[in-house]
Student: 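One structure coming up, written as structure tokens, with questions to follow.
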Amino acid sequence: MAKPAQGAKYRGSIHDFPGFDPNQDAEALYTAILDIITSRSNRQRQEVCQSYKSLYGKDLIADLKYELTGKFERLIVGLMRPPAYCDAKEIKDAISGIGTDEKCLIEILASRTNEQMHQLVAAYKDAYERDLEADIIGDTSGHFQKMLVVLLQGTREEDDVVSEDLVQQDVQDLYEAGELKWGTDEAQFIYILGNRSKQHLRLVFDEYLKTTGKPIEASIRGELSGDFEKLMLAVVKCIRSTPEYFAERLFKAMKGLGTRDNTLIRIMVSRSELDMLDIREIFRTKYEKSLYSMIKNDTSGEYKKTLLKLSGGDDDAAGQFFPEAAQVAYQMWELSAVARVELKGTVRPANDFNPDADAKALRKAMKGLGTDEDTIIDIITHRSNVQRQQIRQTFKSHFGRDLMTDLKSEISGDLARLILGLMMPPAHYDAKQLKKAMEGAGTDEKALIEILATRTNAEIRAINEAYKEDYHKSLEDALSSDTSGHFRRILISLATGHREEGGENLDQAREDAQVAAEILEIADTPSGDKTSLETRFMTILCTRSYPHLRRVFQEFIKMTNYDVEHTIKKEMSGDVRDAFVAIVQSVKNKPLFFADKLYKSMKGAGTDEKTLTRIMVSRSEIDLLNIRREFIEKYDKSLHQAIEGDTSGDFLKALLALCGGED
């Protein structure tokens with residue numbers, strides 16, 4: 001542009017902007033794009049695209065792709081596409097090139113309604129001039145392929161009127177196709193789970209639990225495998241609660257190192273106009289943090305700002321549960337109350353057990369130069385504790401030597417702690433762990449809580465006897481001298497082994513729930529002094545039966561719209577909080593409590609070998625198989641994989657033997 005002659009008066013209409021900041025202006029332009037796109041519905045965005053083309057003769061999506069980059073571009077462009085075309089693009093990307101993104105296929109095809117499925121098929125045909133079913137058949141195989149094709153038809157029944165006879169028939173057919181059959185009739189699972197209405201299948205799942213004593217998910221894990229198993233589990237989750245399925249997917253996309261941005265973008269785009277509020281509510285209840293806060297901590301820049309706008313708000317800001325979230329928590333407790341899951345260990349008594357042969361093999365493994373650790377591991381990890389005690393007695397009778405002493409002299413470190421722990425009777429092992437938690441400088445409060453909050457009355461009584469026998473001092477005296485205050489009172493109460501063992505009492509449960517509400521300071525009208533309430537609350541958690549406590553926690557939600565576990569974490573602190581949370585978690589789902597402990601013992605830098613060893617030893621004959629199932633359900637990887645990635649050498653071999661297999 002020509003400049004005015006020197007001394008001439010400037011006559012233009014545009015002047016330099018005072019306080020000009022190019023970075024600020026660039027950000028303002030981005031913000032304008034962001035504000036428009038995230039505050040318009042998808043229908044309105046399509047109209048904007050049309051108007052843009054009419055006004056400027058240019059394609060808005062093409063211009064956005066040119067101007068934007070990376071994750072932010074993928075997110076904004078995804079929002080600009082019609083939902084069916086967005087799904088079509090995701091699936092095309094999932095099956096293009098080398099390898100297939102099975103998780104993407106599962107997520108989309110397991111969660112879409114009939115109408116959404118029909119729109120997806122049409123959009124794929126329109127966008128790529130290809131048949132979606134043919135492309136999926138060309139890129140997948142086996143039962144996984146068959147179920148994807150069934151879902152792709154979009155022919156799931158939609159009638160809310162359910163036949164009780166058909167529910168019973170489907171339960172029987174699923175049971176016979178899996179648990180009662182040598183091998184599995186996958187076709188029955190595909191037909192029933194791929195075609196029946198959601199309402200019908202929810203009743204089937206409830207009835208299946210009552211009839212078989214295990215949830216349908218447990219049967220699927222036991223009978224199916226690989227991508228087919230993952231697909232069927234996703235279908236079941238979406239039948240039960242599509243928002244909960246997506247809450248879990250979002251959490252897994254952001255937890256740990258790195259972010260699965262494609263998954264995060266796909267869900268935030270596809271659910272923003274459907275059920276994002278429901279997903280938020282469940283997310284906060286299930287993971288005790290808001291979706292907003294997790295996105296905020298896990299992403300950055302304009303990408304973060306856009307995702308936060310799509311989330312619709314921060315559920316932690318008000319410090320309140322939504323009523324819907326309280327309902328989810330209530331349903332979780334209800335499921336806990338009706339579940340009759342059979343507890344199974346991974347270590348069982350060996351068939352054709354021969355203590356004489358085992359004793360001789362162990363002596364040979366430790367005699368002479370070198371030690372045969374493989375033989376020691378193989379024998380000790382594949383015998384029940386009762387059988388190990390027989391081997392110990394036989395070893396002394398044959399060789400006049402103490403097996404424990406010989407093992408101590410031949411093996412060391414983590415392997416020694418694991419093998420020697422397995423050789424001890426369970427009550428004596430727990431007694432030793434409690435003793436070690438209290439001796440020396442400092443106290444291992446976590447170990448005290450883990451053991452005393454999870455053992456049955458019979459186990460606690462046996463521990464007391466073993467402690468007295470081995471250390472010539474009562475467990476109560478030891479706890480009294482090593483802990484203090486409310487924490488000491490809780491531990492001593494648990495250590496008496498006097499938890500009630502009956503069922504629930506509804507009137508008493510309501511009273512107990514009121515006490516909990518008052519001590520946690522969310523009741524409208526406190527009815528007693530705080531010291532008295534604290535004592536009553538401790539008595540409730542430490543002495544009421546598990547069935548009764550489940551009812552108390554349900555009544556607590558009905559009374560307050562809060563989940564008791566979340567409230568304890570928020571309102572209490574220190575060892576008292578940790579002890580009460582452990583009790584609540586144990587009441588809700590004891591195998592899940594131990595799965596969480598195992599995961600935490602192996603995550604991050606370094607391994608907590610003591611906790612890992614303690615749980616693997618103490619639960620191997622009780623519920624380690626259940627713990628394995630909870631572990632893979634929550635953390636999307638098997639316990640076997642976690643151990644393999646976090647330990648090494650003979651310790652690894654012994655742990656994997658106890659683990660009992662790869663899920």
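Heavy atoms only: backbone and side chains are in, while hydrogens, waters and symmetry mates are out.
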Student: Determine whether L310 and L79 make a side-chain contact, defined as any pair of heavy atoms from C-beta on separated by less than 4.5 Å.
Tutor: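 In contact.
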
Student: Please report the interatomic distance CG(L201) to CD(E157), rounded to the nearest 0.5 Å.
Tutor: 8.5 Å

Student: What's the shortest heavy-atom distance between Q188 and A177, and which atoms?
Tutor: CB-CB, 3.7 Å

Student: Identify all side-chain donor-acceptor contacts of residues 138-148 below 3.5 Å with residues at least two apart in sequence or on another chain.
Tutor:
from, atom 1, to, atom 2, distance (Å)
D139, OD2, T100, OG1, 2.3
T140, OG1, I136, O, 2.7
Q145, NE2, I137, O, 3.0
Q145, NE2, T140, O, 2.8

Student: Is the side chain of N626 donor-acceptor paired with the backbone N or O of K344 at a distance under 3.5 Å, no angle test?
Tutor: yes

Student: Determine, step by step, whether L203 and E164 satisfy the side chain to side chain contact (heavy atoms under 4.5 Å, CB included) criterion, reporting the C-alpha distance in whole Å, the side-chain angles of both residues, the deciding distance to 0.1 Å, and the verdict.
Tutor: CA-CA 9 Å; L203 293 176; E164 290 184 16; over 6 Å; no

Student: By ring pair (Phe, Tyr, Trp, His ring centres under 6.0 Å), which residues pair with Y287, not counting sequence neighbours?
Tutor: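 Per chain and number, Y287 pairs via ring pair (Phe, Tyr, Trp, His ring centres under 6.0 Å) with F251, F283.
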
Student: Exactly one of I377, T381, V617 should register a side chain to side chain contact (heavy atoms under 4.5 Å, CB included) with L418. Which one does?
Tutor: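 That would be V617; it is the only one of I377, T381, V617 passing the side chain to side chain contact (heavy atoms under 4.5 Å, CB included) with L418.
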
Student: If you measure from CG on L250 to CG on D298, what distance do you get to the nearest 0.5 Å?
Tutor: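 With rounding to 0.5 Å, CG (L250) is 11.0 Å from CG (D298).
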
Student: Would you say that L656 contacts T647 through its side chain, given a criterion of any heavy-atom pair below 4.5 Å between the two side chains?
Tutor: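 Side chain of L656 against side chain of T647, heavy atoms only: no contact under 4.5 Å found.
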
Student: If a pair satisfies ring pair (Phe, Tyr, Trp, His ring centres under 6.0 Å) and one of its residues is in residues 75-101, list it, with sequence neighbours excluded.
Tutor: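 Checked against ring pair (Phe, Tyr, Trp, His ring centres under 6.0 Å) - neighbours excluded - no pair reaches residues 75-101.
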
Student: Output all residues satisfying ring pair (Phe, Tyr, Trp, His ring centres under 6.0 Å) with Y124, sequence neighbours left out; order by chain, then residue number.
Tutor: Y128

Student: Do Q169 and D173 have side-chain atoms, one donor and one acceptor, less than 3.5 Å apart?
Tutor: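 Their side chains do contain a donor-acceptor pair, which is all the 3.5 Å distance test asks for.
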
Student: Identify, with sequence neighbours excluded, every residue that meets side-chain hydrogen bond (donor to acceptor under 3.5 Å, both in side chains) alongside Q199.
Tutor: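 Listed in chain order: nothing, the list is empty.
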
Student: Got a donor-acceptor contact below 3.5 angstrom from the R280 side chain to the S311 backbone?
Tutor: yes

Student: Provide the closest heavy-atom pair for I106 versus A234 in the form atom of the first, atom of the second, distance.
Tutor: CG2-CB, 3.5 Å

Student: Measure the CG-CD distance between N195 and Q153 for me, rounded to the nearest 0.5 Å.
Tutor: 9.5 Å

Student: Can you name the closest pair of heavy atoms from L231 and L151 and give their distance?
Tutor: CD1-CD1, 4.0 Å

Student: Holding to side-chain hydrogen bond (donor to acceptor under 3.5 Å, both in side chains), I want the full list of residues that pass it with E373, two or more places apart in sequence or in another chain.
Tutor: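 side-chain hydrogen bond (donor to acceptor under 3.5 Å, both in side chains) list for E373, sorted by chain: empty.
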
Student: Give a yes or no on whether the backbone of I37 and the side-chain of R45 come within a donor-acceptor separation of less than 3.5 Å.
Tutor: yes

Student: Should L624 and F594 count as side-chain neighbours, where that means a heavy-atom distance under 4.5 Å?
Tutor: no

Student: Please determine whether side chain to side chain donor-acceptor pair (under 3.5 Å) holds for the pair E176 and Q172, giving the CA-CA distance in whole Å, both sets of side-chain angles, and the decisive distance to 0.1 Å.
Tutor: CA-CA 6 Å; E176 289 175 359; Q172 191 60 34; 2.9 Å; yes

Student: Restricting to ring pair (Phe, Tyr, Trp, His ring centres under 6.0 Å), what partner residues turn up for F631, sequence neighbours left out?
Tutor: Y635

Student: In terms of heavy-atom contacts, does NZ of K252 have more than 12 from other residues, nucleotides or ligands at under 6.0 Å?
Tutor: yes

Student: Do Y546 and S586 have a side chain donor and acceptor closer than 3.5 Å?
Tutor: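 Yes.
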
Student: Suppose the criterion is ring pair (Phe, Tyr, Trp, His ring centres under 6.0 Å): which pairs have a residue in residues 198-225, not counting sequence neighbours?
Tutor: none

Student: Heavy-atom count check: over 12 atoms from other residues, nucleotides or ligands less than 6.0 Å from E115 CD?
Tutor: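 Open: at most 12 neighbouring heavy atoms sit under 6.0 Å from CD of E115.
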
Student: Backbone N or O of S293 within a donor-acceptor pair of the N297 side chain at under 3.5 Å?
Tutor: yes

Student: Report yes or no: do N262 and R74 form a side-chain donor-acceptor pair below 3.5 Å?
Tutor: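 Yes, side-chain donor-acceptor contact under 3.5 Å.
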
Student: Listed by chain and number, what are the ring pair (Phe, Tyr, Trp, His ring centres under 6.0 Å) partners of F553, not counting sequence neighbours?
Tutor: W333

Student: Within the 4.5 Å heavy-atom criterion, are Q116 and T113 side-chain neighbours or not?
Tutor: yes

Student: Just how far is it from atom SG of C659 to atom CG of L625, taken to the nearest 0.5 Å?
Tutor: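 That separation rounds to 9.5 Å.
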
Student: With rounding to the nearest 0.5 Å, note down the distance linking CD in E207 to CD1 in I216.
Tutor: 12.5 Å

Student: Which atoms form the tightest heavy-atom contact between E302 and L34, and what is the distance?
Tutor: OE1-CD1, 3.5 Å

Student: Below 4.5 Å, heavy atoms only, C-beta onward: do T299 and M254 meet side chain to side chain?
Tutor: no

Student: Taking the side chain from D608 and the backbone from T611, do they hold a donor-acceptor pair closer than 3.5 Å?
Tutor: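 The answer is yes, because a donor-acceptor pair under 3.5 Å joins these two groups.
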
Student: Before you tell me yes or no, could you show the steps for E158 and S197 under side chain to side chain contact (heavy atoms under 4.5 Å, CB included), namely the whole-Å CA-CA distance, both residues' side-chain angles and the distance that decides it to 0.1 Å?
Tutor: CA-CA 5 Å; E158 295 181 330; S197 72; 5.9 Å; no

Student: For K590 versus T454, what's the shortest heavy-atom pair and its separation?
Tutor: NZ-O, 2.6 Å

Student: Test side chain to side chain contact (heavy atoms under 4.5 Å, CB included) on E107 and E90; report intermediate values, then the result.
Tutor: CA-CA 11 Å; E107 179 195 299; E90 290 292 322; over 6 Å; no

Student: I'd like to know if the side chain of N42 pairs up with that of E273 as donor and acceptor (distance under 3.5 Å, no hydrogens or angles considered).
Tutor: no

Student: Name all residues meeting the side-chain hydrogen bond (donor to acceptor under 3.5 Å, both in side chains) criterion together with E217; count only those two or more places apart in sequence or in a different chain, and write none if there are none.
Tutor: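 Residues passing side-chain hydrogen bond (donor to acceptor under 3.5 Å, both in side chains) with E217: R240.
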
Student: What is the distance from atom CZ of F593 to atom CG of D623, rounded to the nearest 0.5 Å?
Tutor: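 One finds 11.5 Å between CZ of F593 and CG of D623.
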
Student: Taking only residues two or more places apart in sequence, or in another chain, which ones meet Y292 in a side-chain hydrogen bond (donor to acceptor under 3.5 Å, both in side chains)?
Tutor: none

Student: Can you confirm whether K296 is buried at NZ, in the sense that more than 12 heavy atoms of other residues, nucleotides or ligands lie under 6.0 Å from that atom?
Tutor: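 Not buried by this count: 12 neighbours or fewer within 6.0 Å.
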
Student: If every non-hydrogen atom of R196 is compared with every non-hydrogen atom of R156, which pair is closest and at what distance?
Tutor: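 So the two residues come closest at O-NH1, 2.7 Å.
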
Student: So do K588 and E565 actually touch side chain to side chain, heavy atoms under 4.5 Å?
Tutor: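 When only atoms from C-beta onward are counted, K588 and E565 do touch, with a gap below 4.5 Å.
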
Student: Just checking, is any N or O donor in the side chain of S111 or K237 under 3.5 Å from an acceptor N or O on the other one?
Tutor: no

Student: Side chains of V162 and R202: closer than 4.5 Å at any heavy-atom pair?
Tutor: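 No, every pair of side-chain atoms sits at 4.5 Å or beyond.
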
Student: Whether the side chain of T346 engages the backbone of L658 through a donor-acceptor N/O pair (distance < 3.5 Å, no angle test) should be reported.
Tutor: yes

Student: Provide the full list of side-chain hydrogen bond (donor to acceptor under 3.5 Å, both in side chains) pairs with a residue in residues 597-606, sequence neighbours left out, each pair given once.
Tutor: none

Student: So, do L75 and K71 sit near enough that their side-chain heavy atoms are less than 4.5 Å apart?
Tutor: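 Of all side-chain heavy-atom pairs linking K71 with L75, none is under 4.5 Å.
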
